[in-house]
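Shown next, in structure tokens, is the structure this report addresses.
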Amino acid sequence: MEHAMKLQPIGVFPSDTTTLVHLLNTMTTQSYHYGIIIGRFGKLEGFFNAMDLLQYCMKIGIDYIEDIDQLKAFTRMIHKQFTVLTHIPSTEYEWPIDTHLLIIKHDNKYIGCIDKATFYEAVAQAHQFQLKHYKTVFQAVPSGIMAVDIQGNITMMNQAGEKISGVPLEKAIGRFITDVVPPKGLLQVLQTGQGQVEKYKVRKRWYISHREPIFDGKQLVGAVGVFEDISKMESLTSELETYRQLVRENEMLLETSDHGIAIMNPAGDILRQNALFHQFYVSIMYEESQRVRFSHALQEIIQNKKIQNTIRMTNRHQQVLDFHFSIIVNQEQNSIDRIVIRISNITTMSHHLKKMKALQQQLHHVFTLKNELIVQYPPELMNKIKQIAKVSSSVLIKGEIGSGRSTLAKQIVLNSERKKAPFIEIDCRTKTKDELEHLLFSTSIEGYYLFSLATNGTLYFKNIDYLPFTLQERLASLIEQQSSTINIRIMASISLDVSFDSTPNFSEKLYYLINSITFHVSSIAERSEEAKAIIQHFIHLLNEKHNRSITLTADAIQFLLRQQWAENFTEIFSLLEQHVLSSNRILLHAFHIKQLLAVQEDISKKPIIVNDILPLKTAVKELEKELLLLLNEKNISYRQMAKILDVNPSTIVRKIKNIKE
């Protein structure tokens with residue numbers, strides 16, 4: 001029991017030596033609640049209380065109290081419903097049946113007693129205290145507790161349950177469970193008679209509920225549920241899982257990195273490293289001078305708290321290694337927590353860097369377009385250009401060679417968000433198959449050079465219909481592969497009709513990859529007004545380029561527009577540049593254009609044109625090279641080349657091999 005059961009004082013009286021007077025005197029002076037009578041042989045005959053004694057004395061009369069025989073008569077009236085125990089019962093279930101008084105005996109001595117009324121009063125007080133204790137605990141539990149009867153009506157709920165459910169206790173008691181909380185778990189427990197555990201979500205918060213049935217014997221009378229808001233726990237669990245995932249990813253990155261990576265503490269102890277770092281580190285520590293350099297670099301970054309530091313060293317295998325030191329600072333203590341060291345093998349990258357520089361030299365025309373209008377397009381065409389510039393879909397420009405297709409492509413880029421990004425133009429008509437293959441498909445450890453250079457910019461394949469069919473197929477696959485990983489806009493132009501029949505001259509796969517949007521550029525004859533402005537712009541550009549001040553007359557412009565040009569504006573620009581370079585005239589008339597055209601016609605009839613004097617042996621070698629390169633562009637076999645040049649096929653193989661070397 002929570003409350004200690006106090007024994008009531010008891011008087012022990014032998015029946016053979018005690019008188020009524022002694023009983024009265026002792027019970028009064030000692031304030032005994034009860035007295036017990038012990039028989040001649042030490043047997044406990046019964047018990048009485050002070051009231052019993054007084055009532056007996058009043059009954060026989062005061063004058064007869066001194067009569068010793070009266071005690072014997074009194075002993076026949078004492079109560080017999082008693083039990084002798086050596087301990088006090090702790091619960092009401094331990095109280096002996098048909099017992100009014102418990103007499104406690106210890107070491108063969110009767111030390112006290114407790115009557116039934118006093119015992120149950122103490123038990124009731126203990127239960128009240130225990131109930132108050134349970135209520136306090138019940139309300140103090142941070143988890144919500146809710147119980148229902150067999151009909152599903154709420155019978156009890158603690159303060160945490162009020163807070164979580166949002167319903168006050170007085171409004172919840174007696175209501176059906178689902179009218180207070182959404183989950184139907186307690187109803188399922190009432191149906192099945194089996195406990196359950198459930199995690200559920202209400203609005204944005206997560207809860208977990210443990211539900212158990214309540215039985216009265218074997219009869220199901222209700223159910224109780226303990227539910228807890230685990231939103232913070234879920235958040236922490238999610239954060240912990242994210243942290244674990246990051247650790248796993250970092251460990252994977254550490255082991256698969258192309259660099260040697262290690263983490264050190266300020267004392268220089270390696271806390272974590274990958275295999276590549278260990279390999280490089282051991283190769284450097286092999287030499288004392290390198291160890292000293294490494295140690296000095298480490299001390300410098302620690303003492304000066306430099307955020308970064310880099311040194312370059314060569315190990316015993318003649319590998320050039322870059323050591324990059326970075327620090328992690330404890331902001332609260334303003335001290336260095338960790339030092340991250342990354343080792344890069346510059347030797348293995350040198351070959352790729354050289355190839356990149358060589359490719360950049362070949363792509364000397366890689367540039368960022370200047371924001372200037374080269375051509376004043378008609379309003380409807382300019383509106384279409386601006387609309388297409390807003391998207392990143394591929395664009396195919398169809399038109400004759402020299403009709404301004406490249407200018408139109410640049411104009412689209414100038415009106416887009418890519419105008420400050422790289423613009424790479426590759427003319428497939430002016431390059432050999434080998435050159436195109438090198439430009440398009442050269443790779444490094446980072447990927448394809450061409451696509452790396454054009455990241456976030458534009459790749460423009462001019463005259464893509466001149467690209468050999470086999471390279472078209474490879475380019476189509478490459479565009480599909482790279483477009484998913486690199487942000488690049490593809491643009492292209494063609495001048496020939498493409499065919500996808502039994503003898504295709506163009507890859508159907510590539511055609512549909514580059515043909516999301518199609519532009520048709522008209523010839524000069526269909527754009528007279530626009531052509532006049534373009535020709536005037538050519539003269540302006542040539543004057544600036546060659547520091548001249550030539551003016552093109554109206555009759556010269558009209559003459560140029562009336563001619564049939566194989567390469568449209570390209571041919572006109574070339575013709576005008578020849579005049580600017582070879583003539584001192586300020587005005588350029590129509591008859592001057594005629595003279596230039598006549599000279600060109602005579603030259604074009606010659607199969608070989610000599611522009612400079614050089615040794616005969618060199619001239620023959622250069623002529624062979626030009627012929628072979630010209631035939632190679634036609635993408636024909638070595639046997640066919642040999643037949644055209646009237647030589648042995650083995651000669652063709654040998655000479656082309658020499659050219660490539």
Between atom CD1 of Ile263 and atom CD1 of Ile328, what is the distance when rounded to the nearest 0.5 Å? 6.0 Å

Note, Pro96 side chain near Leu102 side chain (heavy atom, < 4.5 Å): yes

Between NZ on residue Lys184 and OH on residue Tyr200, distance to nearest 0.5 Å: 14.0 Å

Surrounding CD of Gln219 (heavy atoms of other residues, nucleotides or ligands, distance under 6.0 Å), is the total greater than 12? no

Do Ile490 and Leu513 make a side-chain contact, defined as non-hydrogen atoms from C-beta onward lying under 4.5 Å apart? no

Exam field: side chain Asn274 to backbone His259, donor-acceptor pair closer than 3.5 Å: yes

Does CZ in Arg272 sit with more than 12 non-hydrogen atoms of other residues, nucleotides or ligands closer than 6.0 Å? no

Show the nearest heavy-atom pair for residues Ser15 and Leu71, with the distance to one decimal. O-CD2, 3.7 Å

What distance do Ile154 atom CD1 and Asp179 atom CG have between them, rounded to the nearest 0.5 Å? 8.0 Å

If you round to the nearest 0.5 Å, how far is CD1 of Ile145 from CD of Gln159? 11.5 Å

Expected output: side-chain Thr26 to main-chain Leu23 donor-acceptor under 3.5 Å: no

Does the side-chain contact (heavy atoms from CB on, under 4.5 Å) test come out yes or no for Ile479 and Phe451, once each step is laid out? CA-CA 9 Å; Ile479 290 174; Phe451 283 80; 4.2 Å; yes

Between the main-chain N or O of Asn49 and the side-chain N or O of Asp52, is there a donor-acceptor pair closer than 3.5 Å? yes

Could you check whether atom CD of Gln245 has more than 12 heavy atoms from other residues, nucleotides or ligands sitting under 6.0 Å from it? yes

What's the shortest heavy-atom distance between Leu24 and Cys57, and which atoms? CD1-SG, 3.6 Å

At their closest point, which heavy atom of Met157 faces which heavy atom of Val167, and how far apart are they? CE-O, 3.5 Å

Given side chains that start at C-beta, do those of Ile38 and Tyr110 come closer than 4.5 Å, heavy atoms only? yes

Got a donor-acceptor contact below 3.5 angstrom from the Arg342 side chain to the Phe323 backbone? no

Pair Phe277-Ile270, side-chain contact (heavy atoms from CB on, under 4.5 Å): steps then yes or no: CA-CA 11 Å; Phe277 180 89; Ile270 297 177; 4.0 Å; yes

Is it true that a side-chain atom of Thr155 and a backbone atom of Ala147 form a donor plus acceptor pair closer than 3.5 Å? yes

Side chain of Gln196, backbone of Arg211: donor and acceptor closer than 3.5 Å? no

Atom NE2 of His100: over 12 foreign heavy atoms under 6.0 Å: yes

Closest heavy-atom pair and its distance - Lys199, Trp206: CG-CE3, 3.8 Å

Quick one: does Ser295's side chain have a donor or acceptor within less than 3.5 Å of a partner on Val292's backbone? no

Answer yes or no: is there a side-chain heavy-atom contact under 4.5 Å between Ile150 and Leu190? yes

Does Val320 reach the side chain of Arg312, with side-chain heavy atoms less than 4.5 Å apart? yes

Rounded at 0.5 Å granularity, tell me how far CE in Met51 sits from CE in Met58. 11.0 Å

Centroid separation under 6.0 Å, is that true for the rings of Phe48 and Phe74? yes

Taking the side chain as every heavy atom from C-beta outward, state whether Tyr207 and Ser209 have any pair of such atoms under 4.5 Å apart. no

Do Tyr448 and Ile486 pass the side-chain contact (heavy atoms from CB on, under 4.5 Å) test, and can you show the C-alpha distance, the side-chain angles, and the key distance before you say yes or no? CA-CA 11 Å; Tyr448 288 88; Ile486 300 179; over 6 Å; no

Donor-acceptor pair, distance only, cut-off 3.5 Å: does the side chain of Asp322 make one with the backbone of Ser344? no

What do the steps show when you test Arg418 against Ser416 for side chain to side chain donor-acceptor pair (under 3.5 Å), and what is the final call? CA-CA 5 Å; Arg418 300 177 188 269; Ser416 73; 5.5 Å; no

Is it the case that atom NZ in Lys80 sees more than 12 heavy atoms from other parts of the structure closer than 6.0 Å? yes

Is it the case that atom NE2 in His79 sees more than 12 heavy atoms from other parts of the structure closer than 6.0 Å? yes

Could you tell me if the ring centre of Tyr281 sits under 6.0 Å from that of Phe294? yes

Would you say the side chains of Asn315 and Gln290 form a donor-acceptor pair under 3.5 Å? no

Locate the shortest heavy-atom distance separating Ser143 from Ala160; write the atom from each residue and the value. O-CB, 3.4 Å

In terms of relative ring orientation, are Tyr32 and Phe13 parallel, tilted or perpendicular, with 30° and 60° separating the classes? perpendicular

Check whether any side-chain heavy atom of Leu53 lies under 4.5 Å from a side-chain heavy atom of Leu20, and answer yes or no. yes

Counting heavy atoms not belonging to Glu417, are there more than 12 under 6.0 Å from its CD? no

Under 3.5 Å donor-acceptor, Gln319 side chain and Asn345 backbone: no

Which value, rounded to the nearest 0.5 Å, describes the distance between Ile301 atom CD1 and Thr310 atom OG1? 8.5 Å

Scanning both residues in full, the closest heavy-atom pair of His87 with Ile104 reads O-CD1, 3.5 Å

Please say whether more than 12 non-hydrogen atoms of neighbouring residues, nucleotides or ligands are located less than 6.0 Å from NZ in Lys201. yes

State whether the side chain of Asn265 and the backbone N or O of Ala267 hold a donor-acceptor pair below 3.5 Å, judged by distance alone. yes

Answer yes or no: is there a side-chain heavy-atom contact under 4.5 Å between Glu45 and Thr75? yes

Yes or no on side-chain contact (heavy atoms from CB on, under 4.5 Å) for Asp98 and Gln81, after CA distance, side-chain angles and deciding distance? CA-CA 6 Å; Asp98 297 331; Gln81 299 85 11; 5.7 Å; no

If the plane angle is over 60° it's perpendicular, under 30° parallel, otherwise tilted; pick one for His133 and Phe129. parallel

